[in-house]
> 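Questions regarding the structure given below will be posed in turn.
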Protein chains: 2
Amino acid sequence: MDRKPNNQTTAIWVLLNIAHKRVTQTFEAELKRARLPSAAWYDILWALERAEEGMRQNELERQSLFDQPNLSRTLKRMVDEGLVTQCPAPNDRRGRELRITEEGKALRSQMWKVYGGLMLSEIEDKIPAEHLSGLIDGLASLVPEKDEKLEGKLKTARETAINPPKGSY
Amino acid sequence: MDRKPNNQTTAIWVLLNIAHKRVTQTFEAELKRARLPSAAWYDILWALERAEEGMRQNELERQSLFDQPNLSRTLKRMVDEGLVTQCPAPNDRRGRELRITEEGKALRSQMWKVYGGLMLSEIEDKIPAEHLSGLIDGLASLVPEKDEKLEGKLKTARETAINPPKGSY
DNA sequence: AATAGATACATGCACATGCATCTATTATTT
DNA sequence: AAATAATAGATGCATGTGCATGTATCTATT
């Protein structure tokens, strides 16, 4: 007879789904209420704002949670809105060099007022201090270190933690 | 000047997204590889299998992560596949009484072989013992206790943890 | 008992997502 | 150098999701 998941495993699986849905829905709802784009757009804008000298599209794909086709389309919409520019990449004629526009920076700054506030109200204020590191370590153990696709994202997580946007609060 | 989220808050927000996406994608990919329906279908089947004497659709809505229109459509597909029956509710002619069919039970049992295995390989085997309770408590603190919409789901989490499917492993 | 409001569920529509595939370009092999 | 494979990115299609709204029924108010 096979092994079966224990109670704690089940609780984690269920809570991971519930907590994620609850928190992301709150983020999306509040952003929409403020007539702002989704959190995914914020993440793209912020990644590009940190990359002063532009960023290749495939690099952004690695750092983001988008798959390639979805990122392609999302960027197209953002270009249409004047938030991002897509130039041919210098040394690779297949590639695209992405850059945030001034409008993009302005929008990100606007969004940060809501987005940053939600991080405080929905996360920081809700988690008791004694559970902070356990939650971080527990979540991190679910993500494979060697997975290239996610390594960049973890690095980004640390950078974002250490170096929050200037002039946005 | 406003408060700004600290490093740990940022790490949690990023990791919550990465971990959730990573784990759910693995679940969905493996289920698809085994030519089985999505994890959401499993959850519905399992909820209905536990409700021996049937379950009202709005009650299932409360216990699941579906919103109402989406649950309505998903159930329609499941009825079309012969996994679930939708009868008029006895005391409320607006309502529907849901019941799992024998085929539905058989499918859930099939799915459990994959689903349960994934809970072991993607969660139980990855989280070191010392982080288990921290992860559970941390995630739980993100979910509002008084939120009626989620209370049932937390209860379900505990029940599921305590009372795993019989004859499915 | 008549009306107003709430609830249960379904449907239409816009948009996001996953997946397969296509084109163009670059890298590798022989 | 030619052929093959690998990579960057775009696009088509099927499906899932959120949100607004519609219809039927039930509940509460007067």
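The chains referred to below are lettered A, B, ... by the order of the sequence lines, with proteins before strands, and numbering in each begins at 1. Atom set for the values below is all heavy atoms of this structure, side chains included, hydrogens, waters and symmetry mates excluded.
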> Taking side-chain hydrogen bond (donor to acceptor under 3.5 Å, both in side chains) as the cut-off, I'd like each qualifying pair that reaches into residues 11-20 of chain B, sequence neighbours left out, listed once.
Asn17(A)-His20(B), His20(A)-Asn17(B), His20(A)-His20(B), Tyr115(A)-Trp13(B)
> Just the rounded figure in Å: distance from C1' of dC15(C) to CD of Glu81(A).
14 Å
> Counting primed atoms plus P, OP1 and OP2 as sugar-phosphate and everything else as base, spell out the protein contacts along nucleotides 4-10 of chain D at 4.0 Å heavy-atom distance: B, S or - for each nucleotide, 5' to 3'.
--BBSBB
> Nearest-Å distance, NZ (Lys32(A)) to P (dG18(D))?
10 Å
> How many Å lie between CZ on Phe66(B) and P on dC9(C), as a whole number?
15 Å
> OP1 or OP2 of dT17(C) versus the side-chain N and O atoms of Asn70(A): is any pair under 4.0 Å?
yes
> Using atom CG of Asp67(B) as one end and atom P of dT7(C) as the other, report the distance to the nearest whole Å.
18 Å
> Quick one: do Glu49(B) and Lys105(B) make a salt bridge, cutoff under 4.0 Å?
no
> I need the Glu102(A) CD to Leu107(A) CG distance, nearest 0.5 Å.
13.0 Å
> Rounded to the nearest Å, what distance is computed from the CZ atom of residue Arg35(A) to the C1' atom of nucleotide dC19(D)?
15 Å
> Under 4.0 Å between any heavy atoms, over every strand shown, what does Glu28(B) touch: base, sugar-phosphate, or nothing? Just pick one.
nothing
> Send over the distance from His20(B) NE2 to dT17(C) P, rounded to a whole Å.
13 Å
> Tell me which nucleotide among dC26(D), dT17(D), dC19(C) gets nearest to the side chain of Arg93(B).
dC26(D)
> Just the rounded figure in Å: distance from P of dT17(C) to CH2 of Trp41(A).
12 Å
> Quick one about Thr10(B) and Asn7(B) (side-chain donor to acceptor, distance below 3.5 Å, no hydrogens or angles considered), yes or no?
no
> What is the distance from CG of Leu65(B) to P of dG16(D), rounded to the nearest Å?
16 Å
> If you count the non-hydrogen atoms of other residues, nucleotides and ligands that lie under 6.0 Å from CG in Asn91(A), is the total more than 12?
no
> Whether the side chain of Thr9(A) engages the backbone of Pro5(A) through a donor-acceptor N/O pair (distance < 3.5 Å, no angle test) should be reported.
no
> Can you list every side-chain hydrogen bond (donor to acceptor under 3.5 Å, both in side chains) pair that touches residues 73-87 of chain B, not counting sequence neighbours?
Gln57(B)-Gln86(B)
> Return the pairing partner of dT7(D) with a 3.5 Å limit on both distances, Watson-Crick or G-U wobble; otherwise return none.
dA24(C)
> Where each residue is assigned the nucleotide of DNA chain D containing its nearest heavy atom, which of Asn91(B) and Ala29(A) is assigned the position nearer the 5′ end?
Ala29(A)
